[in-house]
Each structure stands twice: as C-alpha cells, then as structure tokens.
Amino acid sequence: MPPAALAVHLSIGQAYSWSVFKPPLEKALDLSGTASALPFQLGIVMLGLSAAFGGTLVERKGPRWAMTVALICFSSGFLISALGAATGQFWLIVFGYGFVGGIGLGIGYISPVSTLIKWFPDRPGMATGIAIMGFGGGALIASPWSAQMLKSFGDDGKGIALAFLVHGLVYAVFMSLGVLLIRVPPAGYLPARSAAKDLAGTPAAAAAPASAVQVSARSALRTPQFWCLWVVLCMNVTAGIGVLERAAPMITDFFAHTSAPVSVSASAGFVALLSAANMAGRLGWSSLSDVIGRKNIYRVYLSVGIVMYVLIYLAGDSAKPLFVLCAMVILSFYGGGFATLPAYLKDLFGTYQVGAIHGRLLTAWSVAGVLGPLIVNWVADSQQAAGKSGSGLYGISFIIMICLLAVGFVANELVKPVNPRHYHVPAPREAADDHAAGKQQHSA
C-alpha cells in the first residue's frame with residue numbers, strides 16, 4: 001500500500017517545483033512574478049476545493065476510483081499547459097495546470113490517506129506520513145528533471161511546451177502503478193501488533209471499543225475544534241508555501257549582491273533540498289507525533305518556525321548556510337503539518353468519516369495557497385518598484401509570516417476534546433455488523 005500511495009503522491013508533488021518554471025515563463029511571456037504564480041495558486045485553490053467536495057466520494061467509491069480521476073486530470077492539465085506554452089496563451093497554462101491539474105491534485109492527495117490509516121490503525125501518524133511523504137518529495141525528482149529539460153529543450157515557449165508534454169505523459173504512466181496496486185483492508189482487519197499500547201497504556205486504536213469517538217463530517221463542521229485546526233493549517237501552510245512557490249528566484253535575489261551569487265542550476269538544487277526537507281518532515285515529524293502527541297508536535301512546528309524566520313530576517317544575506325538550513329527546517333515543519341493533520345483529525349473525530357473531514361479541512365490549504373505566494377510576490381514586486389533589491393525584497397514578508405505563525409500557535413492551544421454531543425451513533429444494523437466483525441477477529 002505505501003508504494004501505491006507514493007506512486008500518486010510523488011507525481012502530483014511536482015507542484016512544489018513550480019518555481020523552476022517561473023523565470024522562463026516570465027521571460028517568454030513577459031509576466032511579473034505575481035502573474036507567473038497564478039497557475040500554482042489556482043492549482044492549490046482547486047486542490048482544497050476538490051478535496052473538500054470529493055472527500056465523501058472518495059470514501060464512498062474507494063481509492064482506486066479516486067486515483068484514476070487524479071491521473072486523468074493531472075496529466076490532462078500538463079497537456080493543456082503545453083498547448084498554452086506553444087501558442088503563447090498564458091490563460092491556457094492557468095486553466096490547464098491550475099484548474100484541471102488542480103482537481104487532480106486534490107483528488108489524488110486524499111485518495112490514499114484514509115486507506116493507509118485503515119491499514120495502520122495503531123500508528124496513524126506514521127501511516128499518514130507514508131501517504132503524504134511523496135507529495136513533499138515530488139519536487140526532489142521534478143525540480144532537477146524540469147531544469148534539465150528546460151536546458152535541453154530551451155527556455156522559450158517551445159521548450160516549456162515540450163517539458164510540460166513530457167511531464168504529462170510520464171506522470172500518467174507512473175500514476176497508473178498506484179491505480180493497479182491500491183487495495184482497501186478486509187472488514188475487521190487488525191495488524192498483528194494490535195496488542196501494542198498507546199501513550200495512555202490502553203489498547204491500540206485498532207482495538208478501540210465501539211463507544212470510542214466517532215464524528216460525522218457534517219457534525220465536525222459544527223465543532224470549534226475543526227475551525228481551530230483550520231486556522232492552524234492555514235497559518236502553517238501560508239508560512240511555508242510562500243517560500244516554496246518562489247524558492248528558486250528567492251535564493252537568487254537574496255544573495256545577488258554578495259561575493260558568491262547563486263546560479264540558476266544552484267537555485268534548482270535549493271528547490272530540491274527544500275523538497276527533501278519537506279518529504280523527510282512528513283514522515284519524521286508525523287511519526288514523532290505518535291510518541292509526543294499531535295498538539296505538542298504542532299507546538300514545535302509553529303514556535304520553532306517563528307524562530308527560524310527571525311534568524312533569517314536578522315542574518316540577511318550574510319550567512320548563506322544559515323538561510324538554507326532555516327528554510328529547510330521551515331519546509332520540514334510545513335510538510336510535517338500536512339502529514340500529522342489526518343492523525344490529529346482521527347484523534348479528535350475518529351475514523352468514521354476522517355477522509356471526508358480531511359477533505360473539508362483542506363480548504364484552508366486553498367486559502368493559504370493564494371495568501372502565501374501573494375504576500376511574498378506582491379511584497380517583492382512592490383519593494384523592487386521602490387528601488388530595493390537583494391534580501392531587502394523579502395524582509396516585510398518574513399515579519400508577516402512570523403505574525404501568522406503566532407496566530408496559528410494560539411489556535412492550536414485552543415484545541416480541546418470534542419463534546420460527546422457531536423458523536424455519531426451507529427444505526428442498529430451498523431452496530432451489529434461492527435460487533436460481529438469484532439467477535440470474528442477475536443476468534444481468529
């Protein structure tokens with residue numbers, strides 16, 4: 001099951017390497033930094049919206065259906081974008097990569113998450129880390145690959161079109177592996193280690209009694225816990241995605257006036273490093289959350305993230321290794337926040353409709369996907385118009401990110417257990433089936 005999840009997530013994770021295409025598109029189509037971010041921003045908006053509306057369908061129709069839809073939409077988005085680049089029609093790139101491809105992003109993102117939680121019910125943090133790890137690591141492959149294609153094909157409209165075309169065809173083949181491999185566990189499935197103890201010393205989540213917390217997606221929307229987590233996710237994502245979307249030009253701008261400026265190939269390498277940190281954080285931090293708890297790990301993400309931004313702001317362009325290290329830590333928290341979220345939701349709302357609840361919460365990502373790049377690009381463009389350059393383009397952006405992370409920290413502190421009045425009460429037949437499945441598993 002993990003390879004099935006990774007086949008899809010490593011493909012759709014290409015979105016995080018969008019910054020590699022920004023400079024060529026700006027040059028070929030005469031775009032500003034803010035305009036060249038539009039396909040990425042719309043893609044993230046559609047990711048959240050399609051996840052929210054498709055979450056219930058994924059639960060009902062299963063992960064194979066979802067992965068097939070994701071494959072068709074994501075690959076078609078690249079093909080439409082290739083046509084746009086070849087004809088010089090930027091709106092086709094926005095529509096293809098952003099709208100059509102964004103639907104593929106959202107459906108593909110949530111397709112394996114609830115399935116892997118069911119395969120690893122006693123280690124939900126690790127399970128969601130495995131499922132979502134590939135999305136963070138997609139740019140680790142796509143960034144140097146895209147840079148090499150632009151170097152070989154050329155960075156004009158024709159070269160960009162060929163790069164988009166290759167992406168669409170190769171990812172279609174790769175994502176089909178996930179479609180063929182994915183399975184849901186049999187009814188009543190428990191892992192062999194189900195006797196393991198959780199942090200409180202009680203039986204693992206897989207053996208939890210029928211009276212455990214189970215909240216429907218509709219009821220979850222009425223709880224303050226859902227909206228506190230919505231704010232937490234939105235703030236944490238905004239603080240990371242703004243850097244990620246502009247990563248390649250940012251590091252070039254930041255050290256442009258130093259004795260060792262950053263080359264185009266080195267900036268692509270920086271994007272790959274951020275992708276590696278993003279990927280590692282998704283598995284590492286989410287697995288750690290199984291040990292120290294979800295609320296505590298989010299305290300780490302938000303508080304230490306503030307420290308990292310303060311260090312970057314104070315150091316300026318005087319310490320390139322510090323800049324790279326702090327950016328990698330921030331992106332590891334960004335990825336860890338995504339990977340820990342489904343387990344956090346499971347702890348608060350149970351597994352009854354966790355996929356649908358997760359999809360609805362990803363609307364926070366839609367907002368952050370617009371807010372983060374808009375803040376960074378708009379501030380950089382306005383500072384550049386005012387005559388500033390180098391690290392001075394980003395100082396105000398970093399201060400804003402510090403404030404947003406502080407808001408997220410407060411929202412996380414407000415998260416409490418869900419009131420029992422929101423619990424889902426299973427119908428008599430559903431309860432009887434659950435009881436019978438439990439007896440059968442116990443006998444086995």
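Note that the structure is predicted; figures quoted are calculated from it, not measured. Numbers for residues simply follow the sequence, beginning at 1. Side-chain atoms are counted along with the backbone in the values below, which use heavy atoms only and exclude waters and symmetry mates.
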| note | Tightest non-hydrogen contact, residues Lys320 and Val262, listed as NZ-CG2, 4.1 Å
| note | Taken to the nearest 0.5 Å, the spacing of Ile80 CD1 from Gln89 CD works out to 14.0 Å
| message | Can you confirm if the aromatic rings of Phe135 and Phe338 lie within a centre distance of less than 6.0 Å? | response | no
| Going from CD1 on Ile251 to OG on Ser19, what distance comes out if it is rounded to the nearest 0.5 angstrom? | 10.5 Å
| message | Test your reading of the model: is there a side-chain donor-acceptor pair from Trp18 to the backbone of Pro39, 3.5 Å cut-off? | response | no
| task | Return yes if some donor-acceptor pair links the side-chain N/O of Ser219 with the main-chain N/O of Val215 below 3.5 Å, else return no. | result | no
| message | Quick check: do Leu325 and Leu311 have side-chain heavy atoms less than 4.5 Å from each other? | response | no
| message | What I'd like to find out is whether the side chain of Cys73 reaches to under 4.5 Å of the side chain of Ile107, using heavy atoms alone. | response | no
| field | Distance in Å, Met133 CE paired with Ser286 OG, rounded so as to fall on 0.5 Å steps | value | 9.0 Å
| request: Can you establish whether the number of heavy atoms outside Trp65 located under 6.0 Å from its atom CH2 is more than 12? | output: yes
| query | Does a donor on one side chain sit under 3.5 Å from an acceptor on the other, for Gln225 and Tyr344? | reply | no
| message | Strictly distance-based, threshold 3.5 Å: is any side-chain N or O of Ser36 a donor or acceptor partner for the main-chain N or O of Leu31? | response | no
| Any chance the rings of Tyr334 and Tyr301 have centres within less than 6.0 Å? | no
| Is there side-chain contact between Met67 and Pro112, with heavy atoms separated by less than 4.5 Å? | yes
| said: Are Ile357 and Leu348 packed together at the side-chain level, in the sense that at least one heavy-atom pair is separated by less than 4.5 angstrom? | reply: no
| request: May I ask you to check whether Asn412 and Arg299 show a side-chain donor-acceptor distance below 3.5 Å? | output: no
| request: Please answer whether the main-chain N or O of Val271 pairs with a side-chain N or O of Ser275 as donor and acceptor at a distance below 3.5 Å. | output: no
| Heavy atoms, side chains only, cut-off 4.5 Å: are Phe174 and Val8 in contact? | no
| task | Could you tell me whether the side chain of Lys295 and the main chain of Glu413 form a donor-acceptor pair under 3.5 Å? | result | yes
| request: Could you tell me whether the side chain of Phe333 reaches within less than 4.5 Å of the side chain of Ile330, counting heavy atoms only? | output: no
| request: Mind checking the CG-CD1 spacing from Asp155 to Ile160? Nearest 0.5 Å is all I need. | output: 7.0 Å
| task | Return yes if a side-chain donor-acceptor contact under 3.5 Å exists between Ser289 and Arg294, otherwise no. | result | yes
| query | Going by the angle between their ring planes, with limits at 30° and 60°, are Tyr171 and Phe78 parallel, tilted or perpendicular? | reply | tilted
| task | Would you check if the distance from the ring center of Phe270 to the ring center of Phe255 is below 6.0 Å? | result | no
| query | Centroid-to-centroid, Tyr313 to Phe398, below 6.0 Å? | reply | no
| field | Donor-acceptor contact below 3.5 Å, side chain Asn296 vs main chain Ile292 | value | yes
| query | For the side chain of Ser17 and the backbone of Gln14, is there at least one donor-acceptor N/O pair under 3.5 Å apart? | reply | yes
| task | Find out whether Phe74 and Met175 are in side-chain contact, i.e. whether some heavy atom of one side chain is under 4.5 Å from a heavy atom of the other. | result | yes
| Gap separating the CG atom of Leu414 from the CZ atom of Phe409, nearest 0.5 angstrom | 11.0 Å
| Just by distance, with hydrogens left out, do Tyr394 and Asp253 show a side-chain donor and acceptor under 3.5 Å apart? | yes
| task | Return yes if some donor-acceptor pair links the side-chain N/O of Asn377 with the main-chain N/O of Pro373 below 3.5 Å, else return no. | result | yes
| Ser332 and Trp285: side chain donor to acceptor below 3.5 Å | yes
| query | Taking C-beta and beyond as the side chain, do Met46 and Leu42 meet within less than 4.5 Å on heavy atoms? | reply | yes
| task | To the nearest 0.5 angstrom, please state how far the SG atom of Cys234 sits from the CG atom of Leu361. | result | 10.0 Å
| message | Keeping Tyr309 on the side-chain end and Ile400 on the backbone end, is there a donor-acceptor pair under 3.5 Å? | response | no
| field | Under 3.5 Å donor-acceptor, Thr363 side chain and Ser366 backbone | value | no
| field | Side-chain donor-acceptor pair present, Ser75, His167, cut-off under 3.5 Å | value | no
